There are 2 protein chains.
Amino acid sequence: MSSHVEENYLKAIYKLTERNKDGAYTNDIAYELNIKPATVTEAIKKLGEKGLIHYEKYKAVTLTELGKQIAIKTIRKHRLWEVFLVEKLGFKWDEIHPMAEELEHIGFEELTERLAQFLGNPEFDPHGDPIPDRDGNFAKTKSIKLTGVSLNGTAVMTGIENHTTSFLQHLDKIGIKLGISITVKEIVDFDKSMLISVNGEKEVYLSQEIASNILCK
Amino acid sequence: MSSHVEENYLKAIYKLTERNKDGAYTNDIAYELNIKPATVTEAIKKLGEKGLIHYEKYKAVTLTELGKQIAIKTIRKHRLWEVFLVEKLGFKWDEIHPMAEELEHIGFEELTERLAQFLGNPEFDPHGDPIPDRDGNFAKTKSIKLTGVSLNGTAVMTGIENHTTSFLQHLDKIGIKLGISITVKEIVDFDKSMLISVNGEKEVYLSQEIASNILCK
DNA sequence: TTTAATTTTTAGGTTTGCCTAAAAATATTT
DNA sequence: AAATATTTTTAGGCAAACCTAAAAATTAAA
Ligand SMILES: [Mn+2]
Ligand SMILES: [Mn+2]
Ligand SMILES: [Mn+2]
Ligand SMILES: [Mn+2]
C-alpha cells in the first residue's frame, strides 16, 4: 500500500478513534475517505497484517503504537504546512486544507523538522488545532465550547470544532477569529442563540449551532 | 494516468528532447525514469491519445504544445521548491533534488505563484538552472563550458551540466559554487586539466571531466 | 426470541502502472 | 544485400486500490 494511501487510512482511524474510544468502524472510515466500505475492509485487513492496526473481523479497528505514530506524524506535517501556507504565503484559513492534504504526504523527516524550525516551532495550526512535537506529544489544551460560557462571562477563542469552508468563511465575515476576546452579553431564551461582544467592540448574534462549534478557554 | 506519473513522463521527454532535437526514444525515457522500455511503450501510447505527445510507432516522441506546457510547469515547480529548500530551510544544493522531485507534483496554481512571490520571483534555481516564469518563458542564458575559457581568461560560474550528488559535493569541498569568478591559470598539456584561481584567492586543479561540467559566462 | 435492519465481509470486476519474455521492426555491420 | 545487433512493440501477468452486488454476521426492534 502506498504510503500516501496508508497515511490517509491511519489518519482517518486516528480521528475516528478520538471521537469514539471503541475504535473506527468500516462504514465510518469509508465515509471519511469518500470510498466504499468494501474497499475499506480490504485495506484494513492489509493494515492489520502490516502491524499498523488491530484488526478483528466485524470489530472496530484501533491503531497499534506504530500506526498511531505514523498517524500523528502525518497530522504534524499537515498542520505545519498549514501554518506555512497562512504565515508565509498569506493564504486564508479556509483555503489551506486541500493543499495541506497533499503536502502532508511528503515524507522527509529532515524537511519536516526544518520546516518546523523555520516556522518557529508553532504549537497550534491556523485553526487552533495543536501540532504534535517531533516525538508525537500534543500540547495540552482543555477548551470549552462557547455555549458553555455563562451570561456576562468572557473567554478567549482558541479553536473550532467544525472545519468546513462555509463555517470558516462565515466566521471571517462576522469578524470572529482565533485570539479574540468574547463576552456573552445575552442568551436568547427562545433558541439559545447568544449575543456576544468581540474584543469589547462590535456585537453580533450567534446561533446555538455556531456557538457550539467555537472553542474557548 | 495519474498527474504525478504523467508529469514525470513529460518532464523526461522534455529533458531528452532538449538534448536530442529528434525527440525522446523509448529506451532513453525508460532509463531516465528507472522503468522498463515495455512500460514506456504503453505509457507513451496513452500520452499520445491524450494529445500530450506526438507518438508514432518506432519513432522518437516529441511534446505537443500542451504537453510542453505541463512539462515546463512541472520544472517551474521543481525549481521554485529547490530555491525554497535552500534559501528558506537551509538545505545544501546536493540535498534538495529528491524532495523537489515530490514537491513538484503538488498541483495548485495559486500555491506555485504565491511561493514564487514569497521567494522574490527567482530566475534561477540553486544549481543555476533557469526557472520558467508563469507563462513558461525561460530567462535567456547562453553559457559556455569552463573548458571553453582560454588561458588567462576569466569567467563567472553560472551553472553545472551534471547534477549528481557526488559532483555537487565535490565542488562544495573545493570551494566552487555559483557566482565565483574563475581565472584559468594553466592548462596542462598532458591531460587538459586546468589550474584555476577562485575569486583571485586560492588555486586548484580541475580535471577536464570536471571543468567540462562547469558552466560560465 | 424471532424478525427486521444495519453493518461488514466476500466474490468477482476494472483500471493503472509496473513487470518478463518473445516477436517484430529498424538500424548497423560485414 | 545479407547477416547481425539493437530497439521497440506485443502478449500475458501481477499487485494496488478502487468498484458493485450479494452473502454473512451483528445489532436493534417487534
Ligand atoms: Mn486541515
Ligand atoms: Mn488545521
Ligand atoms: Mn532537481
Ligand atoms: Mn535544480
Side-chain angles (χ1 to χ4, degrees), chain A residues 1-13 15-17 19-63 67 70-71 74 101-102 104-105 107, chain B residues 1-13 15-17 19-63 67 70-71 74 101-102 104-105 107:
Chain A
M1 197 175 297
S2 87
S3 92
H4 184 106
V5 172
E6 198 167 281
E7 287 176 343
N8 282 338
Y9 276 100
L10 297 175
K11 209 161 53 108
I13 294 166
K15 186 175 170 186
L16 291 166
T17 308
R19 280 215 286 269
N20 181 341
K21 302 234 359 173
D22 295 355
Y25 290 94
T26 302
N27 265 354
D28 298 333
I29 297 170
Y31 180 80
E32 198 70 31
L33 298 176
N34 269 294
I35 55 180
K36 294 291 178 284
T39 305
V40 171
T41 300
E42 259 184 20
I44 59 183
K45 235 186 287 185
K46 284 184 200 148
L47 291 172
E49 281 158 18
K50 275 203 184 180
L52 297 172
I53 65 174
H54 300 289
Y55 173 66
E56 277 181 272
K57 263 190 186 176
Y58 298 104
K59 292 246 181 77
V61 301
T62 53
L63 297 172
I70 296 174
T74 308
E101 208 55 42
E102 299 209 5
E104 72 185 0
H105 301 296
Chain B
M1 199 175 296
S2 88
S3 91
H4 184 107
V5 172
E6 198 167 280
E7 286 176 343
N8 283 338
Y9 276 101
L10 296 175
K11 210 161 54 110
I13 294 166
K15 186 175 171 185
L16 291 166
T17 308
R19 280 214 288 267
N20 181 341
K21 302 243 342 177
D22 295 355
Y25 291 94
T26 304
N27 266 354
D28 298 333
I29 298 170
Y31 180 80
E32 198 70 31
L33 298 177
N34 270 293
I35 55 180
K36 295 291 178 286
T39 305
V40 172
T41 300
E42 259 184 18
I44 60 183
K45 234 186 288 184
K46 283 184 201 150
L47 291 171
E49 282 159 17
K50 274 203 185 181
L52 297 171
I53 65 175
H54 301 287
Y55 172 66
E56 277 180 273
K57 263 191 186 177
Y58 299 104
K59 293 247 181 77
V61 302
T62 52
L63 296 173
I70 295 174
T74 308
E101 208 55 43
E102 300 210 5
E104 72 185 1
H105 301 297

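Just so we're on the same page: letters track the sequence lines, and every chain starts at 1. These figures come from a predicted structure and were not determined experimentally.
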Measure across [X] and [Y] and return the closest heavy-atom pair with its distance rounded to 0.1 Å.
| X | Y | value |
| --- | --- | --- |
| T62(A) | G23(A) | CG2-CA, 3.8 Å |
| P37(B) | A30(B) | N-CB, 3.6 Å |
| N8(B) | L33(B) | O-CD2, 3.6 Å |

Discussion item. Taking any heavy-atom pair under 4.0 Å as a contact, classify A38(B): base, sugar-phosphate, or nothing.
Written reply: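 Result for A38(B) = base.
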
Interatomic distance, [X] [atom1] vs [N] [atom2] [rounded to whole Å]:
| X | N | atom1 | atom2 | value |
| --- | --- | --- | --- | --- |
| D22(A) | dT7(C) | CG | P | 15 Å |
| D28(A) | dT7(C) | CG | C1' | 10 Å |
| K59(A) | dT9(C) | NZ | C1' | 15 Å |
| I35(A) | dC18(D) | CD1 | P | 5 Å |
| E6(B) | dG17(C) | CD | P | 8 Å |
| E56(A) | dA25(D) | CD | P | 16 Å |
| L47(B) | dT16(C) | CG | C1' | 13 Å |
| Y31(B) | dT8(D) | OH | P | 15 Å |

Does [X] put a side-chain nitrogen or oxygen below 4.0 Å from OP1 or OP2 of [N]?
| X | N | answer |
| --- | --- | --- |
| T39(A) | dC19(D) | yes |
| S2(A) | dA16(D) | no |
| K36(B) | dG17(C) | no |
| K45(B) | dT10(D) | yes |
| Y25(B) | dA27(C) | no |
| N27(B) | dT6(D) | no |
| K57(B) | dT10(D) | yes |

Quick check for you: among [options], whose closest atom lies nearest to any side-chain atom of [X]?
| X | options | value |
| --- | --- | --- |
| E42(A) | dA16(D), dA25(C), dC19(D) | dC19(D) |
| V5(B) | dC18(C), dT20(D), dT9(C) | dC18(C) |
| Y58(B) | dC18(D), dT8(C), dA25(C) | dA25(C) |
| T41(B) | dA16(D), dT9(D), dT16(C) | dT9(D) |

More than 12 foreign heavy atoms under 6.0 Å from OH of Y55(B): is that the case here?
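Above 12, so yes.
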
- Query: Rounded to the nearest 0.5 Å, what separation is found between the CG atom of L47(B) and the CD1 atom of I13(B)?
  - Reply: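 With rounding to 0.5 Å, CG (L47(B)) is 6.0 Å from CD1 (I13(B)).
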
